[in-house]
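The analysis underlying the following values was restricted to heavy atoms, covering all of them including side chains, and did not include hydrogens, waters or symmetry mates. Not measured: the values here are computed from a predicted model. Residue numbers start at 1 and run along the sequence shown.
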Amino acid sequence: MVISTIKRQNFIVKNAHPTKVALVNTVVELLENYRADEITSEQVLELSSISKGSLYHHFADFSALIDTARVIRYARWVDRSIELLTTVATTTKTREEFFAGLSEVTKLTQSPASRSSRFERARILGLAEGNPRLMHDLGEEQQRLTDSITDLVREAQERGYVRLDLDAASIAVLIQAYTLGKIVDDVTADHVDPDRWLDLLGQVIEKGLGA
């Protein structure tokens with residue numbers, strides 16, 4: 001497999017050493033087509049044209065590199081989620097528009113096209129148990145998403161769209177829970193009707209949260 005030069009944004013912290021960036025982005029790209037346990041250090045070094053010594057200079061071990069790439073992939077989903085929800089918050093002018101926009105975001109997250117993303121997020125979250133390093137780094141990204149959604153919910157509450165008696169942070173967790181929760185249906189042979197599922201979510205969200 002040949003990986004072309006990565007032209008998009010590098011997904012690790014600012015001012016990171018270029019070698020570290022190259023290693024991480026190589027693994028990020030490999031994870032598009034391979035499971036983590038299928039990726040070898042030799043494969044990464046060959047594709048990135050980086051020496052073994054440089055790899056272990058920047059990472060304690062190969063699993064640390066894999067964990068970093070996992071967190072980066074999770075962070076990309078976090079950034080996309082924040083972008084979509086921020087668009088809803090900043091472009092809607094009425095309560096009806098706000099919930100219609102939220103429904104559109106829900107439709108995207110629940111679509112068959114997002115199935116692989118749901119599975120990957122669930123895998124990464126599951127791997128955090130028993131892995132303190134991954135738990136810490138993943139927790140920071142997850143907190144960033146929860147905080148961002150909480151701020152957006154509070155803004156909607158101030159506008160009179162969302163009930164003030166409900167805790168904004170709890171709403172933020174609820175939104176994420178039903179977004180990822182579609183995986184329960186993904187694994188079954190007899191899927192629920194997608195239109196009925198979206199209709200149910202729409203009614204629960206607007207009638208349950210709407211002011």
For T179, enumerate each residue passing the side-chain hydrogen bond (donor to acceptor under 3.5 Å, both in side chains) test, keeping only those at least two apart in sequence or located in another chain.
->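 Partners of T179 under the side-chain hydrogen bond (donor to acceptor under 3.5 Å, both in side chains) test: none.
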Those residues at least two apart in sequence (or on a different chain) that pass side-chain hydrogen bond (donor to acceptor under 3.5 Å, both in side chains) with D195 are none
When the side chains of residues 99-108 are checked against the rest of the protein, which donor-acceptor pairs come out under 3.5 Å, sequence neighbours left out?
{"from": "S103", "atom 1": "OG", "to": "F99", "atom 2": "O", "distance (Å)": "2.9"}
{"from": "T106", "atom 1": "OG1", "to": "L102", "atom 2": "O", "distance (Å)": "2.9"}
{"from": "T106", "atom 1": "OG1", "to": "Y178", "atom 2": "OH", "distance (Å)": "3.3"}

Pairs where residues 143-157 contributes a residue and the test side-chain hydrogen bond (donor to acceptor under 3.5 Å, both in side chains) is met, not counting sequence neighbours | D79-R144, E141-R144, Q142-T146, Q143-D147, T146-Q176, E155-R159
[X] versus [Y], closest heavy-atom pair with distance:
| X | Y | value |
| --- | --- | --- |
| L152 | A89 | CD2-CB, 3.6 Å |
| A60 | A64 | N-CB, 4.3 Å |
| R70 | A36 | NH2-CB, 3.1 Å |
| E38 | Q43 | O-OE1, 3.8 Å |
| T109 | S114 | O-CB, 3.6 Å |

Using the side-chain contact (heavy atoms from CB on, under 4.5 Å) criterion, which residues pair with [X]? Sequence neighbours excluded.
| X | result |
| --- | --- |
| R196 | D193 |
| E97 | T92, K93, T94 |
| E120 | R73, R123, I124 |

Taking only residues at least two apart or on different chains, which pairs with a member in residues 50-64 satisfy salt bridge (charged side-chain N to carboxylate O under 4.0 Å, His left out)?
->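 Residue pairs with at least one partner in residues 50-64: D61-R133.
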Hey, could you give me each pair passing salt bridge (charged side-chain N to carboxylate O under 4.0 Å, His left out) that has a residue in residues 170-191? Not counting sequence neighbours.
->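 Only R118-D186, K182-D185, K182-D186 qualify under salt bridge (charged side-chain N to carboxylate O under 4.0 Å, His left out).
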Answer yes or no: is there a side-chain heavy-atom contact under 4.5 Å between H57 and T19?
->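 A side-chain contact is absent here, since even the closest heavy-atom pair is not under 4.5 Å.
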Would you say the side chain of R121 lies within less than 4.5 Å of the side chain of S117, judging by non-hydrogen atoms?
->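 Yes, at least one pair of side-chain atoms sits under 4.5 Å.
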Residues, nucleotides or ligands: over 12 heavy atoms within 6.0 Å of E96 CD = yes
Counting heavy atoms not belonging to H191, are there more than 12 under 6.0 Å from its NE2?
-> yes
Same cluster (ILVMFWY, side-chain, under 4.5 Å), [X] and [Y]:
| X | Y | answer |
| --- | --- | --- |
| I183 | V192 | no |
| L201 | L166 | yes |
| L47 | I72 | yes |
| L198 | I175 | no |

Polar contact flag, side-chain donor to acceptor under 3.5 angstrom, N25-E29 | no
Does the T26 side chain pair with the main chain of A22, one donor and one acceptor, at a distance under 3.5 Å?
-> yes
Not counting sequence neighbours, which residues clear salt bridge (Lys or Arg N to Asp or Glu O under 4.0 Å) with E158? List them please.
->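 For E158, no residue satisfies salt bridge (Lys or Arg N to Asp or Glu O under 4.0 Å) once neighbours in sequence are set aside.
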Partner set under salt bridge (Lys or Arg N to Asp or Glu O under 4.0 Å) for E83, not counting sequence neighbours =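 Salt bridge (Lys or Arg N to Asp or Glu O under 4.0 Å) check on E83 returns R80.
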Step by step, would you call R95 with E206 a side-chain contact (heavy atoms from CB on, under 4.5 Å)?
-> CA-CA 9 Å; R95 176 187 182 280; E206 184 165 3; 3.0 Å; yes
Under the ring-ring contact (aromatic ring centres under 6.0 Å, His included) rule, collect the residues that match up with F59, sequence neighbours excluded.
->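 Testing F59 for ring-ring contact (aromatic ring centres under 6.0 Å, His included), a comparison that skips the adjacent residues, returns none.
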